Structure formats: C-alpha cells, structure tokens
Q: 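Let me begin by handing over the structure; questions about it come next.
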Amino acid sequence: MKSMDKRITKRRYKVALLMETSNEYARGIIKGIYGYIKEHDQWDVYLGEYSRGEPNPEWLLSWKGDGIIARIENKEIAQLINLCGLPTVDTSSANLVPGIPWVETDDKKIAELAYGHLKGCGLKNFAFVGSDFNWSKWRADHFINLLKADGRPYYVYNVSINRKMNLVEQQRDMESWLATLPKPIGVFAAYDQLGRLIIDSSHKLGFMVPEEIAVIGVDNDPLICELCSPPLTSIIPDTHTTGYLAAAILESLMKGRKNIKITNLIAPSGVKKRRSTDSLAIDDPFISKALHYIYEHATTGTFNIKEILAFVPMTRRVFEKKFYETVGRTPYKESQRIRVNRIKELLGETDLGLLEISEKIGFEHVSYMSYLFKRETGTSPIAYRQMVKKHLEPYRLPNPLDRLQTTGIRERSG
C-alpha cells in the first residue's frame with residue numbers, strides 16, 4: 001500500500017518549452033526533449049506555436065512551473081527568464097543569459113564538415129554566405145580560418161536580417177555578388193534558406209549548379225532542401241542529442257543540483273549529399289556542360305551522347321578520351337553512377353515499389369535495374385532498403401548525464 005501511495009503522489013514537473021515550431025532545427029530539438037521524457041519521468045509540457053519575431057510569452061511571470069527550456073534569442077525573452085527565476089536551459093547561440101546551462105551546435109565542426117565536403121569535390125575557390133546571427137558569424141570565422149590555413153582564396157557575403165527587405169531585393173543583391181565570383185566555386189551557406197537563395201540566384205544568372213556553383217547548407221530541412229532545384233546538400237545537426245541533453249540538464253537542475261555552468265557543443269551527425277554538390281570541379285567548360293547534360297538526362301532514359309556532341313566541339317573519340325581523363329569514368333559509366341544513386345535515394349526515402357522506381361528512372365525492365373544495382377553496390381535493392389531503414393531508427397542517448405562529466409566546460413561569449 002505504501003509503494004502504491006508513493007506512486008500516486010509522485011511529482012510531475014511542469015516545464016515550458018519556449019522555442020519556435022516553424023523550422024526543422026527547433027522541431028528536432030523538441031523531438032529530442034520528447035525522447036528524453038518518454039524514457040524518464042513524465043513532464044507536463046507547455047509548448048506554444050511560435051516563430052521568430054512573435055510576441056514574448058509574458059504569461060511566464062504568473063505561471064507556476066518548475067523549469068524552462070528556451071531558445072533565448074532576444075533581450076525581452078532574456079529579461080523574462082531572469083524575472084521568473086526558474087531553472088532554465090538555453091538552446092540558442094545568442095547566449096543572452098550568462099551563467100545558465102547552454103546546449104548548442106558545434107559551429108567549428110560544422111565548418112570543418114562543409115570545407116571537407118566542398119574540397120572533396122575538387123574545388124579550389126570557396127565562399128561563405130551568412131547573416132547576423134551569432135552561429136552564422138562563428139561558422140564564417142571557422143570556415144575562413146580553415147581556408148587561411150590552407151592558403152586558399154575565399155569570398156564572403158552577408159545577407160542582412162531585414163524583415164522589410166523582400167525576396168526579390170535579396171535575390172537581386174545576391175545575383176550581383178555571385179556574378180563577381182570565379183568559377184567553379186563552392187559556397188557554404190550558413191543555413192538552408194540561404195542555400196536556396198544562392199541556387200535560385202545562380203539559375204537566374206544562367207550558372208550551372210553544381211558544375212559552376214556548388215552549394216552546401218546547414219540544418220537538412222527536407223522541405224527546403226528537396227524543393228530546391230537541384231536539391232540542396234546540407235549538414236545534419238544532431239538536434240536529437242541537443243534536445244535530449246537539454247532535458248537531462250534541466251531535470252538535474254529541477255532536482256536541486258547547483259552550479260551547472262556547462263556549455264555543451266553538439267557535433268553534427270554528417271552531410272546529406274544531394275545534387276547541389278554532386279559534381280567534380282572542372283575547369284573545362286565543355287566537359288562541365290557535358291556533365292550537366294548527363295545528370296539532367298541520365299534518370300530519364302533519354303541519355304544520348306550524340307546530343308552532347310552537338311554542343312561540344314570535338315569528335316566522339318576525342319570527347320570520350322578527354323571526359324575519361326577529366327572525370328575518371330566514361331560518359332556511360334557516369335550516367336550509370338547517377339542512376340544508381342537515384343535508386344538509392346528512392347529506396348531509402350520513399351515507399352515506392354521496384355516497378356515504380358524503375359519506371360521513374362527510365363528502365364524498361366525491373367530485372368535489369370536490380371541487376372545493375374547489385375552489380376554496382378554489391379547488394380540487392382530490397383536488402384539495401386532494409387539496411388537503410390534499420391540505420392535510420394530513432395537515435396537514443398543511453399546515459400545523457402554521463403555526457404555532463406565528459407564534455408567539459410566551454411565558455412564563449414556572444
């Protein structure tokens with residue numbers, strides 16, 4: 001009976017989540033918080049539908065809660081947090097309330113991933129496009145330091161965070177800057193929306209993406225990345241761990257643990273490569289155009305080398321020899337590589353059947369598609385799909401509080 005009474009009277013913490021629900025990064029953090037709650041004691045969670053720039057939640061001053069997880073991105077929110085006096089964990093880079101626990105992305109690791117990926121494409125020219133947010137400035141600083149260390153030239157463009165400036169004006173200014181850059185070039189965008197703006201502006205100017213301008217963003221927001229044309233390569237932040245660890249720290253605070261002044265920098269999970277960087281940097285404009293043509297037609301079943309020779313002033317023999325020397329594959333092998341990569345995408349990211357996939361990629365027979373896929377990857381399409389789905393099972397951080405002991409104290413102002 002006593003154990004039952006104890007279970008009935010067990011306290012449920014009341015926790016407010018003050019973060020926008022309008023972008024993929026913040027939603028990922030919320031999912032990480034939810035993952036922690038499901039694995040531990042249940043909380044009563046207060047979560048509104050917020051976006052950046054909305055009115056501040058003054059209801060906090062009369063709210064009788066136990067703790068807060070917030071993205072403290074302006075002075076008004078910071079003032080409310082200070083007035084509340086509740087245990088709080090910050091998940092914003094602004095760092096406007098010094099001294100409270102802070103969980104944020106590791107911008108140095110993000111810059112390293114971006115540079116490594118673009119350099120792996122064979123690029124020799126690099127640029128950064130950012131904004132006035134702290135995390136954007138830090139990413140720019142780390143990216144530029146890497147380029148300086150390698151003795152490479154770089155170009156920087158800053159998009160003003162001006163809500164009165166419309167998309168047409170932003171794109172016009174972006175176009176003027178892109179036109180001055182050497183080509184080919186790799187551009188690191190501080191976040192996916194800027195990556196989309198770069199791609200749209202490149203098309204407007206007639207530049208090929210990625211053959212002339214390769215673009216990588218951050219956040220891996222599928223709605224932005226997949227709706228770009230071509231789809232945008234993006235760095236994947238580990239938002240699940242960010243949210244999970246923020247929840248673990250808050251619970252520790254609510255249980256009375258004092259003097260937690262630890263800043264946790266969470267490394268990104270990796271890079272989701274899409275078409276916007278799926279090309280080698282090639283100085284020869286005719287080989288570059290040929291690559292662009294092959295990519296545009298490889299998955300339609302209409303690839304024809306005779307059409308390439310219509311805009312490449314070479315004989316077929318000379319063209320194929322130069323293409324192989326430049327790319328390392330024949331035009332036919334390159335088209336097969338592109339088709340196999342597209343099959344991988346459809347197997348891993350959709351529930352389409354093999355017949356539907358083969359029709360979308362221009363195969364006349366499912367059997368040949370399966371044969372080609374197994375020959376190139378070493379596994380059947382069905383086995384590959386099963387492997388990918390197993391790999392994408394939700395990540396779980398088994399001992400979040402252990403992380404507090406191993407991360408160490410990292411202080412940075414912002």
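Predicted model only: the values in this text are computed from it and were never measured. Side-chain atoms are counted along with the backbone in the values below, which use heavy atoms only and exclude waters and symmetry mates.
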Q: Name the orientation class of the two ring planes belonging to Y244 and Y36 (parallel below 30°, tilted from 30 to 60°, perpendicular beyond 60°).
A: perpendicular

Q: Taking atom OH as the centre, does Y384 end up with more than 12 heavy-atom neighbours from other residues, nucleotides or ligands that are less than 6.0 angstrom away?
A: yes

Q: Who passes side chain to side chain contact (heavy atoms under 4.5 Å, CB included) against S335, sequence neighbours left out?
A: I294, A298, F303, Y332

Q: Side chains of T233 and H117: donor-acceptor distance under 3.5 Å anywhere?
A: no

Q: Determine all donor-acceptor pairs shorter than 3.5 Å in which one atom belongs to a side chain in residues 346-361; sequence neighbours excluded.
A:
from	atom 1	to	atom 2	distance (Å)
E349	OE2	K272	NZ	2.5
T350	OG1	L346	O	2.5
T350	OG1	L352	N	3.3
D351	OD1	K389	NZ	3.3
E356	OE1	G353	N	2.9
S358	OG	L354	O	3.3
S358	OG	L355	O	2.7

Q: Listed by chain and number, what are the ring-ring contact (aromatic ring centres under 6.0 Å, His included) partners of F319, not counting sequence neighbours?
A: F323

Q: Does atom NZ of K289 have more than 12 heavy-atom neighbours from other groups under 6.0 Å away?
A: no

Q: Which side-chain hydrogen bond (donor to acceptor under 3.5 Å, both in side chains) pairs, counting each pair once, include a residue from residues 368-377, with sequence neighbours left out?
A: Q336-R375

Q: Distance-only, no hydrogens or angles: does the R316 side chain make a donor-acceptor pair with backbone N or O of K306 under 3.5 Å?
A: no

Q: What's the spacing between E76 CD and L96 CG if we round to 0.5 Å?
A: 10.0 Å

Q: For K137, is there an ion pair with D132 - N to carboxylate O distance below 4.0 angstrom?
A: no

Q: To the nearest 0.5 Å, what is the distance between OG on S234 and CG on D221?
A: 8.0 Å

Q: Distance check, rounded to the nearest 0.5 Å: N125 atom CG versus L118 atom CG?
A: 11.5 Å

Q: Using the side-chain hydrogen bond (donor to acceptor under 3.5 Å, both in side chains) criterion, which residues pair with H292? Sequence neighbours excluded.
A: E211

Q: How about I224 and Q193: do any of their side-chain heavy atoms sit closer than 4.5 Å?
A: yes

Q: Examine the side chains of E307 and Y293 and answer whether a donor and an acceptor come within less than 3.5 Å of each other.
A: yes

Q: Any chance you could measure I338, atom CD1, to L291, atom CG, to the nearest 0.5 Å?
A: 7.5 Å

Q: Is it true that R337 and E334 have a side-chain N and a carboxylate O under 4.0 angstrom from each other?
A: yes

Q: Is the shortest distance from a Lys or Arg side-chain nitrogen in E345 or R342 to a carboxylate oxygen in the other one below 4.0 Å?
A: yes

Q: Before you tell me yes or no, could you show the steps for Y191 and W135 under ring-ring contact (aromatic ring centres under 6.0 Å, His included), namely the whole-Å CA-CA distance, both residues' side-chain angles and the distance that decides it to 0.1 Å?
A: CA-CA 10 Å; Y191 54 101; W135 41 263; 5.5 Å; yes

Q: Does R27 pair with E20 as a salt bridge, N-O distance under 4.0 Å?
A: no

Q: More than 12 non-hydrogen atoms from neighbouring residues, nucleotides or ligands closer than 6.0 Å to NZ on K322, yes or no?
A: no

Q: What is the ring orientation for F143 with F128, classed by angle as parallel under 30°, tilted 30 to 60°, or perpendicular over 60°?
A: tilted

Q: Taking D141 first and then K108, would you say they form a salt bridge - that is, a charged N and a carboxylate O separated by under 4.0 Å?
A: no

Q: K344: what forms a salt bridge (Lys or Arg N to Asp or Glu O under 4.0 Å) with it, not counting sequence neighbours?
A: none

Q: How long is the straight-line distance from CG of N95 back to CD1 of I72, given to the nearest 0.5 Å?
A: 9.0 Å

Q: At what distance, to the nearest 0.5 angstrom, does OG1 of T241 lie from CG of L245?
A: 8.0 Å

Q: Do R152 and Y115 have side-chain N/O donor and acceptor atoms under 3.5 Å apart?
A: yes

Q: Indicate whether the side chain of N220 and that of R274 have a donor and an acceptor atom separated by less than 3.5 Å.
A: yes

Q: Counting heavy atoms not belonging to E364, are there more than 12 under 6.0 Å from its CD?
A: no

Q: Would K14 and D66 pass as an ion pair if we require N to O under 4.0 Å?
A: no

Q: Under 4.0 Å between a Lys/Arg side-chain N and an Asp/Glu carboxylate O for D200 and R196?
A: yes

